[in-house]
Each structure stands twice: as structure tokens, then as C-alpha cells.
Protein chains: 2
Amino acid sequence: MPTGPDTPPTIADVAREAAVSKTTASDALRGHGRVSEPTRRAVLAAAERLGYAPNRSARSLRTSVTETIALHIPEFLTSAEYYMSFVFGVAEQAARAGLNVTLLSSGHLPHRGTVPQVDGLVLCDPVAEDPLVEQLMNSGLPVVTAERYVGDKQPTGVIWSDHETSMTELLDHLYDSGAHCPAFIASDTTSDWSTTLQRTHARWCRDRGVPKLDHGAPFGSAPDVLRGVVRDMLAETPRIDAVVCAADGAAAAVLPELRAAGRTVGHDLLLASCVDSTAMRTAEPPITAVDLRPRAMGAECARLLCEILSGETPRGTVRTLPIDMNIRASTRP
Amino acid sequence: MPTGPDTPPTIADVAREAAVSKTTASDALRGHGRVSEPTRRAVLAAAERLGYAPNRSARSLRTSVTETIALHIPEFLTSAEYYMSFVFGVAEQAARAGLNVTLLSSGHLPHRGTVPQVDGLVLCDPVAEDPLVEQLMNSGLPVVTAERYVGDKQPTGVIWSDHETSMTELLDHLYDSGAHCPAFIASDTTSDWSTTLQRTHARWCRDRGVPKLDHGAPFGSAPDVLRGVVRDMLAETPRIDAVVCAADGAAAAVLPELRAAGRTVGHDLLLASCVDSTAMRTAEPPITAVDLRPRAMGAECARLLCEILSGETPRGTVRTLPIDMNIRASTRP
DNA sequence: TACCGTTGCCGGAACGTTCCGGCAAGGTAT
DNA sequence: ATACCTTGCCGGAACGTTCCGGCAACGGTA
């Protein structure tokens, strides 16, 4: 390991080592100018020998490209598994493209009104009311959103899933399994996902001619709040024969309450969740849920952003991510 | 919004606006040189008027300070709630100190053998075998680890929790509640946390004179693997009267199996987890668990790193994060 | 021979910031 | 009066990179 003094080698060191000029060294490394094959190899060898790595700051100053994207995810009290997987999907895909990922916490923005100095942004489940989201949308930077943005301004790229279809399938599945009076515990956020679920549920009830039974609960609601909601609904409408929960983890939280009400989940009462997670898989009985494939979602967002940044995909591209329903014992009467 | 052409204002623009030199503008903004009060105010006003924000790349090139820290968390179980909270703890605290956080995914490092260009690193639950961890430890950058590092090289700072004491308290609690034959489902990772739990369990059994019943399971084991382990243990040693699970979420996954074995959790069999999570709170019955306070852990790591970077805290500082046990119905016979 | 296009390489300016050293103006002690 | 310090400001170099434009050498064509 031929480490010099203690300051990392610069391109000037590489150039000297290879007995060429800075320009030629740079051209050889970037593959940019006209460099003969032997010279190119000599430069590469010199760089390897010295352990040269380009200084990102200098390069970024010169090219005004930061090789960094920022990731914003909504901050709820509950730490939802969905977002975790999403973050890692983004991180992995970005690393594959040689990009850094920096996290934007909703709470603190370094300087009020200052936009982060990055090449692009990924917004997960953008809530139109969030002032930071709005600011980022108007930053002029390329923005890819996971799920559609309900504001006026359109993002540079979108990956979304067809929750309308999957919610309909879920309700149909319950209906086919004999549940003709399902209750829906909606999520109170104003994300596109949340409102789509509510709209779809309402229309499905109308189409099927069944009563529309729903109740909103804030996304990160505590278990006992959710249980209270369910208790009240069951007390008010005893003929409820299925419960669908929107929020991540809510179905599992509600399970004991159903049991306490004397119902047997999977038999005289079906239970399903709009978000799959370990909690759904490990519940007793395991709970039918829609797998939103968060890791794939994150990866696709990062991929699209990379493609837009490199110009190989036009701005305004919209793609969909297929999602599946995992049918489990909680809806098999 | 007095936006110029379309390129953001530089410090030269601010200087011109305030009718001073670049040097004076810089000094006034940084509070560094000797600047009279009226001049200082004029520069600040000019900067405000133009919406000036310093170019991070230029600044970083000049000062060789990136204002960025990197965060590495083990790849194997990225969906664990613990890590999610940890990440947000770091992000929030770093934002408070004006630092960016970039994620390091274990899978891909931009260039093999290249160290990220950041000011410092936070490693969560460092596993000595992970080659990336080893490389980061030897990068020469300040490193703060969450939990101790079991390799030879010592991190620049450490935040750790006293799992020995809390595990002992947990086992004592079970013992006092009548469970004299507890089984321990250990986690198979080589992190300090994991080995401490196993060591403590072994010693506790010796001290108490109870049989040492344990079995390792990989950290991210699937629910049915865990259930299989428990089934076998119960079949082999029917007098087991308590089960303690190390891995995040494992206790909830195992619950149905205990029920299937004809045991009543909280009565003739106690159940506890070494990691608290929503799954523990929402389980039926709710499961006693050690709250590792991951968000606080993340925040403390970031805080310590900031302090070390700013020089206000010496290298080699080691701090502990207190953790509590949450006693729930699963251990109240 | 004269002309021209191509190839391979290089000098040096520029990106935006920080900060060293210098300088003039004014004050104070000798 | 000289000597000296302090205050307030500034010129300009440096950080490491990219890339524009230029130049010499060479081979091919007329």
C-alpha cells in the first residue's frame, strides 16, 4: 500500500507517476479526449498503484454534478416497515449507479428555504400539505415520487401502484369468501394511496349494493385507539363480517379486539390489511394483505431518477409497479 | 424573489451587492475576520436579499470538510423496526447539527476499496466479519459505533447499552414470576449485543443452578423456522416454563406455536423478548420486552460524532444508553 | 513540394470558497 | 516628533478537477 505523506493522491500525482500531463491523465481516466491505448493503460496503472480516487468536491465544483440524490420520507410516529424497506431499495439501487443518497428529515431543514445541493430527489408518499414537500417540488430539481403527487405541480417522474384495482380485488375476495358486510378502517393521511383506497372502497360498496361502513384513524394511531374504533363499529353494527385495515400494522393491532368481541377471525369474521408486513405474516391467524413491495418500489424510484438524470429517459415518465395480494388464513373461512 | 439569470448567487454577487470585497463578505458571513458591525449587517442583508447559499462543493474543496457523515447499518435484516428508528434518530440529530447523512449499503461500495468522502461514520451494530465494516474501521475517519466493536481496532467513540444487566433483570423477573426453567432462543449474529446476551444467559443459568436451554437461530429467520425451533425444544423438554427470544420480532412469531402446543402464554408459560417493537405491544397477550430505545441510540451516536468532529469531546469517549424493560401480560402469571 | 486532416498530447483558465498576508488610517504611548 | 499597536478592509493564491483551444508530428493526396 504505497501511501504518500498523508494527503490522498491527486490527479497531478497520477499524471506525474504516468509521465503525462494533468489533462491527459484526466482524459484517460474519464475516457474523454483522444488518448492512445498505451498511454491510457499507463495512466490507469499509475492511478491503481497510487490508490487514486477523484476528489468529489473538486469534481462537483467543476462539473456542478453532485452524484448525490436526496430521499425524503414522511415522518410518522410509528416506524413503519414499509418505509424502511423503501429506503433500502433506494440506497441499493443508487449505490449500483454510483450515486450517494442523503436523507432529508422532515423536521429540520438545514437553512429555512434552502434547497439541498443534490442532483435529484426521491419523495416517498408525498403529502401535499407538507411544506417541505412543496418546497422540494418547486426546487427546480428533478423529482421522482413514489405514488402520485396530489398537488398542482407535476413531478419529473412517478412510480405508482394500482391500488384501485388491488383494493377492488381485496374486497371482491372477501365478498367471494362470504363477507357481505365489510368494515374499512381507513388511514387519515392525505396521500394519494390513502384517498384512492377510500374512494375505491366507497365505489365498491355502491357497485355491490352493500352498506358503506368506514372510519378514519390517523396513520400512526396507537393500538388501543384502533381497537377502540373497531370495538365501536362492531357494537354499532354487529352484522359486520369482515374488517379491512389500511394502515401498516393496524390489522394485527386490531386482532385481539376482534377475539375479545367473541369473533373467530378466519371463520365468522374475515380480516385483511392493505399493507403487508412481518406482523401480518406472524399474526395468529396470518392475515391476508396486499404486498406493496416497498423495496422494489424504492429501487424503481431510484432507477427512474438515475435514468432521467442521465437523459436516457424523458422527463414526465410515469411507471407502475405491480403489487400482489397474499391470501392467508384470516380470510379463508 | 430576486432571482438572477438562473445560476445561483455566489459570494461575489453578495460582495458586489454589499459593496465590499469577497474576503469581507466571506468574513462577515462566517464571523471570522475583523469586520465592523455596520458592514457585517450590510453583508448579511445583501445575502438575504439575494437568497445566497454557499456552494457546498466549493467550500468543501477549500476546507476539506464535507459536513456529511455516513451511516452504515447491517444489511441482513433491514426490515427490523430497530434499525428504522435508529436511522431516524441519526438523521434528526445530524440535521440539527447541520450535517448531511448519507447511507452506506453493505452490498455495493461505489469503488472497491474506496472510502467514502465524509467527515465521519456511524456504524450500527458492527459485525466484525463484515469486510465493509472492517474497511470503514480502518479508514482513518472518526467512527462512532452503536454497541461495542469486537474487532481489535477501537472506534473513535462508542455508545453502548448494558445488555448484561438488562438480560439478567429480565431472567430474574421471569424467575421471580415462577419460571425456573426458561429457554433462550438466541440470535446467531456475532455482534456484541448477541454474544453478550448468550454469555449472560449462560452465566445466569450457572448462578441460578437451572439447566441452560438455548438454541441459536439466524437473526432474520423466517417465522416457521423459529416456530420449528420452539416446537422441538418444547417437545424435548416439556418442563420449559418460559421462552426468551433475542431477535427482533421473534417472540411474536413464536407465540402461535406456544398456543398450538397447548400452553397458555402468561399463565403456564411466560414469554419475553430482548427487543421491543410494535409487534410486542400489539401481540395477544402483549409481550414483555426490553426497550432498546433505538431512536435515542441513533441520536446519541450522531451527537457524539458531532462533538468529536467539533473537538469538544475527546476521541475514545464511551457512553452508555440506559434501557428499560417493559413488563406486559405475557409474564404476569 | 505544398496542402490538409487526423492523431496525441498539453497549457492554463475556470468552478466558488477560504484565509494568509498586507496596507492604510487612526489612536496612543514615548 | 517618532514608534508602535489596533482596527477594518482587501488582493490574490490555493483547493482538485474538467475541458477548451492550441500545437506539433505524421501520413495521405494533389
Side-chain angles (χ1 to χ4, degrees), chain A residues 4-44 46-47 50-68 98 110-111 114-115 117-119, chain B residues 4-44 46-47 50-68 98 110-111 114-115 117-119:
Chain A
D6 68 344
T7 142
T10 76
I11 203 168
D13 297 324
V14 174
R16 199 174 317 115
E17 175 85 8
V20 296
S21 72
K22 274 186 322 173
T23 304
T24 304
S26 175
D27 284 347
L29 289 169
R30 302 277 88 72
H32 261 183
R34 287 177 305 209
V35 182
S36 73
E37 193 48 30
T39 312
R40 206 185 65 87
R41 265 200 295 272
V43 171
L44 259 49
L50 298 179
Y52 168 75
N55 180 310
R56 292 187 98 105
S57 305
R59 187 196 318 231
S60 153
L61 173 61
R62 182 63 233 258
T63 61
S64 49
V65 165
T66 62
E67 296 183 321
T68 301
H111 286 300
T114 290
V115 144
Q117 293 176 6
V118 296
D119 298 335
Chain B
D6 68 344
T7 141
T10 74
I11 203 169
D13 298 323
V14 174
R16 200 174 315 114
E17 175 85 8
V20 294
S21 71
K22 274 184 322 172
T23 304
T24 305
S26 175
D27 284 348
L29 290 169
R30 303 276 88 72
H32 260 184
R34 287 176 306 208
V35 183
S36 73
E37 194 48 31
T39 312
R40 205 185 66 89
R41 266 199 296 271
V43 171
L44 260 48
L50 298 179
Y52 168 76
N55 180 310
R56 291 186 97 104
S57 304
R59 195 210 293 247
S60 152
L61 174 60
R62 184 61 235 258
T63 62
S64 49
V65 165
T66 61
E67 295 182 323
T68 301
H111 287 300
T114 290
V115 143
Q117 294 177 4
V118 295
D119 297 337

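Values below: all heavy atoms of this structure, side chains included; hydrogens, waters and symmetry mates excluded. Within every chain, numbering begins at 1; the chains are lettered A, B, ... in the order of the sequence lines, protein sequences first and strands thereafter.
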Could you tell me the separation between the CZ atom of B:R59 and the CD atom of A:Q117, rounded to the nearest 0.5 Å?
9.5 Å
Closest approach of B:I11 to B:Y52 (non-hydrogen atoms, all atoms of both residues)
N-CE1, 3.4 Å
How about B:T10 and B:D13: do any of their side-chain heavy atoms sit closer than 4.5 Å?
yes
Figure out the CZ/P separation between A:R40 and C:dG8, and round it to whole Å.
13 Å
Give every pair of a protein N or O atom and an N or O atom of nucleotides 12-17 of chain D that lie under 3.5 Å apart, one pair per line with the distance.
from: D:dG12; atom 1: O6; to: B:T23; atom 2: OG1; distance (Å): 2.9
from: D:dT17; atom 1: OP1; to: A:Y52; atom 2: OH; distance (Å): 2.6
from: D:dT17; atom 1: OP1; to: A:N55; atom 2: N; distance (Å): 3.2
from: D:dT17; atom 1: OP2; to: A:I11; atom 2: N; distance (Å): 2.5

Counting distance only, does the side-chain N/O of B:D119 pair as donor-acceptor with the main-chain N or O of B:E67 below 3.5 Å?
yes
What is the distance from atom CG of A:L29 to atom OG1 of A:T24, rounded to the nearest 0.5 Å?
10.5 Å
Just to confirm, is there a sub-4.0 Å distance from OP1 or OP2 of C:dC10 to any side-chain nitrogen or oxygen of A:S21?
yes
Quickly work out the A:R34 CZ to D:dC19 P distance and round it to whole Å.
15 Å
Please list each protein N or O that sits under 3.5 Å from an N or O in nucleotides 24-27 of chain C, with the distance.
none

Which residues pass the side chain to side chain donor-acceptor pair (under 3.5 Å) test with A:N55, not counting sequence neighbours?
none
Please report, rounded to the nearest Å, how far the P atom of D:dG8 is from the CG atom of B:D27.
12 Å
Hey, could you give me the CZ/OG1 distance between B:R56 and A:T68, rounded to the nearest 0.5 Å?
10.5 Å
Please tell me which of the listed nucleotides, D:dC19, D:dG8, C:dG8, lies nearest to the side chain of B:T39?
D:dG8
Of all the heavy-atom pairs spanning B:A42 and B:A18, show the shortest one and how long it is.
O-CB, 4.1 Å
